[in-house]
Chemist: 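Quick one: structure below, then a few questions.
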Amino acid sequence: MAEYDFDAVVVGAGAVGLASAYALAQRGLTVAVLEQEKAIAQGVSSRNSEVIHGGLYYPTDSLKARLCVQGRRKLYAFLDSHHVAYDRCGKLVVATAPEEVERLDSILEQARTNDVEGMARLSKAEAQALEPELKCEAALISPQSGVFDSHGYMLALQGEIEAAGGAVVLATPFEGATPLGAGGFTVRAGGEEPATLTARYLVTAPGLSAQVVAGHIEGFPGDQIPAGHYGKGRYFRLQRKAPFAHLIYPPPIHGALGTHYRRDLGGQAVFGPDLMFVEELDYSVDPAAAEAFATYIRKFWPALPDGALTPDYAGIRPKLHGPDEPQPDFRIDGADRHGIPGLVALFGIESPGLTSSLAIGEEAAAQLGL
Ligand SMILES: Cc1cc2nc3c(=O)[nH]c(=O)nc-3n(C[C@H](O)[C@H](O)[C@H](O)COP(=O)(O)OP(=O)(O)OC[C@H]3O[C@@H](n4cnc5c(N)ncnc54)[C@H](O)[C@@H]3O)c2cc1C
């Protein structure tokens, strides 16, 4: 049996890389997480809604459906055991026009197929009894949905990895890997002190850089690297008291769950994200978009005052589809796909990646036969 510097190297210290390293550390492996930034959680995991998704919408038997539900259950348990804050506030999916009511039925059916607990249909009066300022024709309630402190979560994961003898190495970009004849990899790391290390297993979870990273693994078949697209989502914050306690979601749009409402853990109301396909990693939020946001929001909250929205932040989804293409599943690719034993390469970990992260980590470990 060859000797390695680490049992496993994980590329990327976002929620998914950290959760994958945690899954491996829990199996007794020594793990090094390589992160190019000077801190953990600077990528997609720092620019999202911090919503714990129920798992309602995703197609039957997809990874998204299975890993969202499993990941959500694991996530609440992890947050409890690590004293990380969350609010299981529940979510209302609202039909804002009569023609949307039928869509609620199909979402409810899908949610039940996906084994989402506690889902129920609400009449307009029942929904408005819960949220008096809400305008809707009917609604679904998902009691398991919530919001959480995703940074506290990622810090807790880092703590677990380090407590198990692993290392989260910052300011250290992964530059390439070469499979070794006897199994395992030589991994080249850059940064101020470039180094070469060996590992039995390699998991790549680099978010928006998934395609570039896979391209730097010797022998990775080019035709197994899916095309990547950037799906930008912008947020606006409300300069008033938060009007609702529940998450409020109109039915999903193509390619995303659509602009929704949440009350964050600080008690502030945030609306977003929308979806626009972009070519660059541009995180600006055009204040002029407030007008279109307000029109959309008034479909379910007519009382939104004029001029109450201010630009907040934007995030970019690592998408595997363009604007008019069907939305594919997560890709958690093992040797059966790319032909390299000991390697799991993740692609397209967009929403619900944060909710699913602990289950994605378990899936990556399972792909390695661990
Ligand atoms: C607008 C928006 C809203 C969302 N809302 C939700 C939500 O409410 N709930 C939910 O469940 N999901 C949500 N998601 C999805 C979720 O945020 C992502 O699925 C998840 O954060 C992806 O985590 P990750 O670890 O794969 O990627 P990242 O967090 O991007 O982590 C990848 C890390 O890899 C590092 N890296 C890249 N290249 C290299 C390299 N060569 N060497 C070393 N390090 C490297 C990066 O610096 C980064 O830190 C949302 C996403 C967006 C964009």
Side-chain angles (χ1 to χ4, degrees), residues 9-21 32-55 58 64 67-69 71-72 75 91 145-148 150-151 153-154 157 168-177 187-191 203-217 230-235 247 249 255-260 262 264 270 272-276 278 281 283 285 312-319 330-332 345-361 364:
V9 164
V10 174
V11 178
V16 174
L18 291 168
S20 300
V33 182
L34 305 185
E35 170 53 54
Q36 65 188 3
E37 301 294 341
K38 292 190 180 118
I40 66 165
Q42 300 297 298
V44 187
S45 300
S46 67
R47 296 172 165 276
N48 54 63
S49 303
E50 296 191 297
V51 168
I52 301 177
H53 286 297
Y58 312 107
K64 285 183 181 174
L67 301 180
C68 184
V69 172
R72 185 223 328 134
L75 183 57
K91 153 163 126 173
S145 304
V147 292
F148 78 121
S150 64
H151 285 266
Y153 164 59
M154 288 184 270
L157 285 172
V168 178
V169 195
L170 303 174
T172 305
F174 166 91
E175 293 190 337
V187 175
R188 292 178 298 286
V203 177
T204 60
L208 292 161
S209 305
Q211 284 76 6
V212 176
V213 164
H216 288 150
I217 299 170
Y230 296 150
K232 178 173 175 177
R234 302 172 294 184
Y235 293 86
L247 294 155
Y249 278 63
L257 295 185
T259 297
H260 56 259
R262 79 176 193 275
D264 66 18
V270 186
D274 59 354
L275 172 61
M276 25 187 325
V278 295
L281 295 180
Y283 293 102
V285 179
D312 204 4
Y313 62 100
I316 297 188
R317 306 165 178 91
K319 284 195 160 290
F330 292 150
R331 291 249 318 246
I332 303 175
L346 307 186
F347 297 99
I349 310 297
E350 54 167 325
S351 190
L354 199 55
T355 307
S356 311
S357 49
L358 289 169
I360 295 175

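Both counts, for ligands and for their atoms, begin at 1 and track the order of listing.
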Chemist: Which is it for H260 and S49 under the side-chain hydrogen bond (donor to acceptor under 3.5 Å, both in side chains) test, yes or no, and what are the steps along the way?
Modeler: CA-CA 9 Å; H260 56 259; S49 303; 3.3 Å; yes
Chemist: How does L34 reach ligand 1, if at all, at less than 4.0 Å between non-hydrogen atoms: by side chain, backbone, both, or neither?
Modeler: backbone
Chemist: Can you list the ligand 1 atoms lying under 4.0 Å from a non-hydrogen atom of P173?
Modeler: 42 (N), 43 (C)
Chemist: At what distance, to the nearest 0.5 angstrom, does CD1 of I360 lie from CZ of F330?
Modeler: 4.5 Å
Chemist: Side chain, backbone, both or neither: which applies to P206 and ligand 1 if a contact is any heavy-atom pair less than 4.0 Å apart?
Modeler: both
Chemist: If you measure from CD on E37 to OG on S46, what distance do you get to the nearest 0.5 Å?
Modeler: 9.0 Å
Chemist: Just to be sure I read this right, does ligand 1 sit under 4.0 Å from the backbone of H53, its side chain, both, or neither, counting only heavy atoms?
Modeler: side chain
Chemist: Ligand 1 versus I316, non-hydrogen atoms closer than 4.0 Å: side chain, backbone, both, neither?
Modeler: backbone
Chemist: Please determine, by modelled atom types, if T259 and Y249 share a side-chain donor-acceptor pair under 3.5 angstrom.
Modeler: no
Chemist: If I take atom CG from residue N48 and atom OG from residue S351, how far apart are they, to the nearest 0.5 angstrom?
Modeler: 8.0 Å
Chemist: Just which atoms of ligand 1 are under 4.0 Å from any heavy atom in E50?
Modeler: 8 (O)
Chemist: Which of the numbered atoms in ligand 1 are under 4.0 angstrom from any heavy atom belonging to S209?
Modeler: 37 (C), 38 (N)
Chemist: Among all protein heavy atoms in this structure, tell me which lies nearest to atom 32 (C) of ligand 1, with the distance rounded to 0.1 Å.
Modeler: A205 O, 3.4 Å
Chemist: Mark up the atoms of ligand 1 that fall under 4.0 Å of a heavy atom belonging to G17, in ascending order.
Modeler: 25 (O)
Chemist: Please classify the Y235 to ligand 1 contact at 4.0 Å (heavy-atom distances, strictly less than): side chain, backbone, both or neither.
Modeler: side chain
Chemist: Under 4.0 Å from any heavy atom of T355, which atoms of ligand 1 are there?
Modeler: 9 (N), 10 (C), 11 (O)
Chemist: Just to confirm my output: which protein heavy-atom neighbour is closest to atom 28 (P) of ligand 1, and how far is it?
Modeler: V44 N, 3.6 Å
Chemist: Relative to the heavy atoms of G12, which atoms of ligand 1 are at a distance of less than 4.0 Å?
Modeler: 33 (C), 34 (O), 35 (C)
Chemist: Identify the protein heavy atom lying closest to atom 50 (C) of ligand 1, giving its residue, its atom name and the separation to 0.1 Å.
Modeler: N48 CB, 3.3 Å
